[in-house]
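Computed from a prediction, not measured in an experiment: that's the story for all the values here.
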Amino acid sequence: MQVPHDTRNALETVVSLVNTLPEADGTDGLADVDALYGFARAHRMSGVGDLGPRDLRAVQDVRTRFAEVFAAAGPREVSRLLNELVAAAGTTPQLTDHDGYDWHVHYFAPDASMADHLAADCGMALAFIVVAGEQERLRRCEAPDCGHAFVDLSRNRSRRYCSSRTCGNRLHVAAYRARRREAAG
């Protein structure tokens, strides 16, 4: 599946956002305003401006809504959730080329809050996945102790873990060791 650079960035951002939920590892990755600034810096979000507790609550709400998208049963439910998110964000598509990036589309107004920025751009990126008939690419890690969200952009839709380096490798090593113990016993 070919995904444009700006859409891929928005997909990575929404996955990171969902994975800040406490349910993933017991720690809220967006527990305070400093963490919110850190998230914005890590994802190179432009035009964020001053953030406060109200922004934090709004982004946490958007995060919860995106988690519902990853848990949704089918395209009708996903489309309903995404339509609500994108509409509430006051989507305003604009072509832009900034900070060394080639032309791409921002779906948020120039003065949008961080929550609206995330809801619009990330919501549209997920919408493109649904429109392409690829909703099954929106997944949760199959490692029993993980459950992180991810978007499977592999050619054959075969990715099972959020990270092959951590969860995938850990489970493969555990299976190997179990086979070795069985063979030795």
Is there a donor-acceptor contact under 3.5 Å from the side chain of R57 to the main chain of Q60?
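No, the answer is negative, given that no donor and acceptor are paired below the 3.5 Å cut-off.
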Side chain of R137, backbone of S154: donor and acceptor closer than 3.5 Å?
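Answer holds: yes.
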In terms of heavy-atom contacts, does CG of D50 have more than 12 from other residues, nucleotides or ligands at under 6.0 Å?
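At most 12 heavy atoms, drawn from other residues, nucleotides or ligands, come within 6.0 Å of this atom.
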If you count every heavy atom of other residues, nucleotides or ligands that lies below 6.0 Å from R54 atom CZ, does the total exceed 12?
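For R54, atom CZ is not crowded (no more than 12 foreign heavy atoms under 6.0 Å).
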Does [X] have any side chain to side chain contact (heavy atoms under 4.5 Å, CB included) partners at least two apart in sequence or in another chain, and if so, which?
X	value
A89	D116, A119, A120
V86	T91, M124
A67	V18, L21, R140
E12	R8, N9

Is F150 reachable from F70 through a run of I, L, V, M, F, W or Y residues, each pair having side-chain heavy atoms under 4.5 Å apart?
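No, F70 and F150 fall in different hydrophobic clusters.
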Mind checking side chain to side chain donor-acceptor pair (under 3.5 Å) for N156 and listing every partner two or more places apart, or none if nothing turns up?
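For N156 the side chain to side chain donor-acceptor pair (under 3.5 Å) partners, ignoring immediate neighbours, are S158.
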Sorted by first residue and then second, give each ring-ring contact (aromatic ring centres under 6.0 Å, His included) pair with at least one member in residues 37-59; sequence neighbours left out.
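As it turns out, the ring-ring contact (aromatic ring centres under 6.0 Å, His included) pairs with a partner in residues 37-59, which skip direct neighbours, are F39-H43.
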Who passes ring-ring contact (aromatic ring centres under 6.0 Å, His included) against Y107, sequence neighbours left out?
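For Y107 there are no ring-ring contact (aromatic ring centres under 6.0 Å, His included) partners, ignoring immediate neighbours.
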According to salt bridge (Lys or Arg N to Asp or Glu O under 4.0 Å), does anything in residues 62-71 pair up with another residue at least two apart or in another chain? List the pairs.
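Residue pairs with at least one partner in residues 62-71: D28-R63, R65-E68, R65-E84.
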Salt bridge (Lys or Arg N to Asp or Glu O under 4.0 Å) partners of residues 35-45, not counting sequence neighbours, each pair once
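Sorted pair list comes back empty.
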Run D152 and R157 through salt bridge (charged side-chain N to carboxylate O under 4.0 Å, His left out) and show every step you take.
CA-CA 6 Å; D152 179 5; R157 298 177 197 89; over 6 Å; no
